[in-house]
Amino acid sequence: KNSLLSSRGAPPKPAHLARGAMGALISAPMSAAATCLGGCGAFLCGKFLESGTVSSSKAAHILLLWLQIFTVVVTLLASSRPESWLSAPCDQLDTIGVCVCKREPDPASCFSSQVAYRVQASAVLLFLFLFLLACSGCAQGAGKSYVVLRFFSIVLFGFAFLFVPNSVFDIFGEVAGTTSTAFLVAQAVQVIKLAYWWNESWYSQSVAARQRRPGSGAAQTLEGMILAASAVLLTASAAVAVVLFVAFGSTVTTAVLVPTLAAMLLLLVVSITSWCEHGALLTSCVMFAYSVWLAVEALAVAPEVGLGRPTWLRVIELVACAATLAALAIGAFTARGASARRMDGDAEAQLGAGDGEAPLQGGAFALHCVVHVVAAMYICAVVAPTESVSMFALRVAALAVSVLLYGWSLVAPKVLTGREF
């Protein structure tokens, strides 16, 4: 027996000890692999979020526009039917953050507005952070680096804000409705530029065609296009005004529309006189239509009118907002390119063998970040609309400022004779 034992080794271990050894044998490499993969996953996620770099100043400004578009898409998707994906977690967290909306009389409306507030607040924080970086001398990094992280931060902060009390974002919604008026003023500046550019483009082509081929009729065609476009804009403006008077006629409607129409008609007449050499019919008709549009924007937030914000109106507002920001981005690098050509020759040496563009200007980039902040506020007011007397008064003020800005553009060449316009 002893020889048998000595020849076959030690007696066999109990079964539970054998299973434990086998479990340790299997779990040890799996645990090591999980630790390694977890570290690798964290490393890869970090590298992924740090990825994405734009190489030009032009792309840095366009990137701000894409961030805004991405935020709008996330806002619309998240706020369309938020109760469908929030109902299950809110059953367990009914007293935390956005889940308090389940106790409201209209939970669907509450969920939609609160989710929209949170996503747009994420965009506001991002643009404010980029603004602070640009003002701190880090414009190159703020404008060109960490592209993926910017888009990810919109989703991340939007999710984190779901646990913040609704009262915080109720205040944000009120602030957004108030500050969104500033975006309309910035929009008016872009519309004035567009109106002058449109008229100048067609009129200069008409003059060039008349000089090259006097009898071809190309000049008359372009002049006819100018008159036709002006007639369409005036007719559309008059039609919208008539609809507002008929469908939403009230003292408030009359108080907004009559002064607007009278002021723009006066500016139109002034712009086509020989005294106002800088004015033009097409430019005035564009501003006439835009002023009526601003009147519609003001009446939409007036509680007494009852116009509200139907879907078609919100779609137009969002498209107009995107067009304004696109014009702002395009105007940023075209204006910079024009100014760069007037700089001394040292600028060319500083560019080296790059793409031929000047470095990103911190002041211009910071200014555009501010415009995107108020644009995010404006989008928030469009997606989650509210009506109030104070918001109506501010929209009327934006309308008045826009009319005054266009009037000043007509008068300025006569007053500031030492400047080129």
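Reckoned from all heavy atoms, side chains included, excluding hydrogens, waters and symmetry mates. Index from 1, following the sequence. Just so it is clear, the model here is predicted, and its values are computed rather than measured.
- In this structure, Trp85 places its CH2 atom where more than 12 heavy-atom neighbours from other residues, nucleotides or ligands lie under 6.0 Å away.
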CA sep, side-chain torsions, deciding dist, call: Leu126, Phe157, side-chain contact (heavy atoms from CB on, under 4.5 Å): CA-CA 10 Å; Leu126 174 62; Phe157 282 107; over 6 Å; no

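- Annotation: side chain of Phe172 is in contact with side chain of Met377 (closest heavy-atom distance under 4.5 Å).
- In this structure Tyr196 satisfies the ring-ring contact (aromatic ring centres under 6.0 Å, His included) test together with His278, sequence neighbours excluded.
- Judged purely by atom type and a 3.5 angstrom limit, Thr273 uses its side chain to pair as donor or acceptor with the backbone of Val270.
- For the pair Ser409/Tyr406, a side-chain contact is recorded, criterion being any heavy-atom separation below 4.5 Å from C-beta on.
- A donor-acceptor pair under 3.5 Å links the side-chain atoms of Ser180 to the main chain of Gly177, judged by distance alone.
- A heavy-atom distance below 4.5 Å is not found between the side chains of Tyr290 and Leu194.
- Under the 4.5 Å side-chain criterion, counting only non-hydrogen atoms from C-beta, Met391 is not in contact with Thr181.
- Using a distance-only test at 3.5 Å, with no hydrogens or angles considered, no donor-acceptor pair links the side chain of Ser201 to the main chain of Trp198.
- With values rounded to the nearest 0.5 angstrom, Phe131 atom CZ is found 13.0 Å from His368 atom NE2.
- Ser153 contributes atom OG, which lies 9.5 Å from atom CZ of Phe129 (distance to the nearest 0.5 angstrom).
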Worked verdict on Arg81 versus Glu83 for side-chain contact (heavy atoms from CB on, under 4.5 Å): CA-CA 6 Å; Arg81 291 193 49 156; Glu83 64 277 6; 4.2 Å; yes

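- A pairwise comparison of heavy atoms in Val115 and Ser79 identifies CG1-N, 4.1 Å as the closest pair.
- Between the CG atom in Asn166 and the CZ atom in Phe111 there is a gap of 8.5 Å [rounded to 0.5 Å].
- Note that CG of Leu130 is 11.5 Å distant from SG of Cys138, once rounded to the nearest 0.5 Å.
- Remark: the Glu174 side chain and the Thr178 side chain contain no N/O donor-acceptor pair separated by less than 3.5 Å.
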Derivation of the side-chain contact (heavy atoms from CB on, under 4.5 Å) call for Phe163 and Leu93: CA-CA 9 Å; Phe163 301 94; Leu93 306 171; 4.3 Å; yes

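- The CH2 atom of Trp66 sits 12.5 Å away from atom CG of Leu325, with the distance rounded to the nearest 0.5 Å.
- Residues Arg210 and Ala219 come closest through the heavy atom pair NH2-CB, 3.8 Å.
- At least one donor-acceptor pair under 3.5 Å links the side chain of Ser122 to the backbone N or O of Gly158.
- Side chain of Arg118 to main chain of Phe159: no donor-acceptor pair is present (N/O by atom type, distance under 3.5 Å, no hydrogens or angles).
- A ring-centre distance under 6.0 Å is found for Tyr378 and Phe183.
- Remark: side-chain polar atoms of Gln114 are not paired, donor with acceptor, to backbone N or O of Phe169 under 3.5 angstrom.
- The shortest distance between side-chain heavy atoms of Thr53 and Val147 does not fall below 4.5 Å.
- For Thr253 and Ser250, the side-chain atoms include at least one donor-acceptor pair closer than 3.5 Å.
- Counting only heavy atoms from C-beta outward, the side chains of Leu268 and Cys285 approach each other to under 4.5 Å.
- Taking the side-chain hydrogen bond (donor to acceptor under 3.5 Å, both in side chains) definition, one finds that Thr283 meets it with nothing, sequence neighbours left out.
- We find the CG-CD distance between Leu299 and Glu387 to be 11.0 Å, quoted to the nearest 0.5 Å.
- A donor-acceptor contact shorter than 3.5 Å is absent between the side chain of Ser113 and the backbone of Cys110.
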Evaluation steps, side-chain contact (heavy atoms from CB on, under 4.5 Å), between Arg395 and Leu294: CA-CA 8 Å; Arg395 294 297 173 93; Leu294 288 182; over 6 Å; no

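- In the displayed structure, Glu277 atom CD is contacted under 6.0 Å by at most 12 heavy atoms of other residues, nucleotides or ligands.
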Trace of the side chain to side chain donor-acceptor pair (under 3.5 Å) decision for Gln361 with Ser57: CA-CA 8 Å; Gln361 301 296 318; Ser57 302; over 6 Å; no

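- A heavy-atom distance below 4.5 Å is found between the side chains of Phe127 and Leu67.
- Checked against side-chain hydrogen bond (donor to acceptor under 3.5 Å, both in side chains), Gln190 has no partners two or more places apart in sequence or in another chain.
- Side-chain contact between Leu184 and Leu399: absent, with no pair of heavy atoms (C-beta onward) separated by less than 4.5 Å.
- Counting non-hydrogen atoms of neighbouring residues, nucleotides and ligands closer than 6.0 angstrom, the OH atom of Tyr203 reaches no more than 12 such neighbours.
- Thr75 places a side-chain N or O within donor-acceptor distance of the main-chain N or O of Thr71, the cut-off being under 3.5 Å.
- For the cysteines Cys101 and Cys90, the sulfur (SG) atoms lie at a distance of at least 2.5 angstrom from each other.
- The backbone N or O of Ser145 lies less than 3.5 Å from a partner atom in the side chain of Arg150, making a donor-acceptor pair.
- Side chain of Ser230 to main chain of Ile226: a donor-acceptor pair is present (N/O by atom type, distance under 3.5 Å, no hydrogens or angles).
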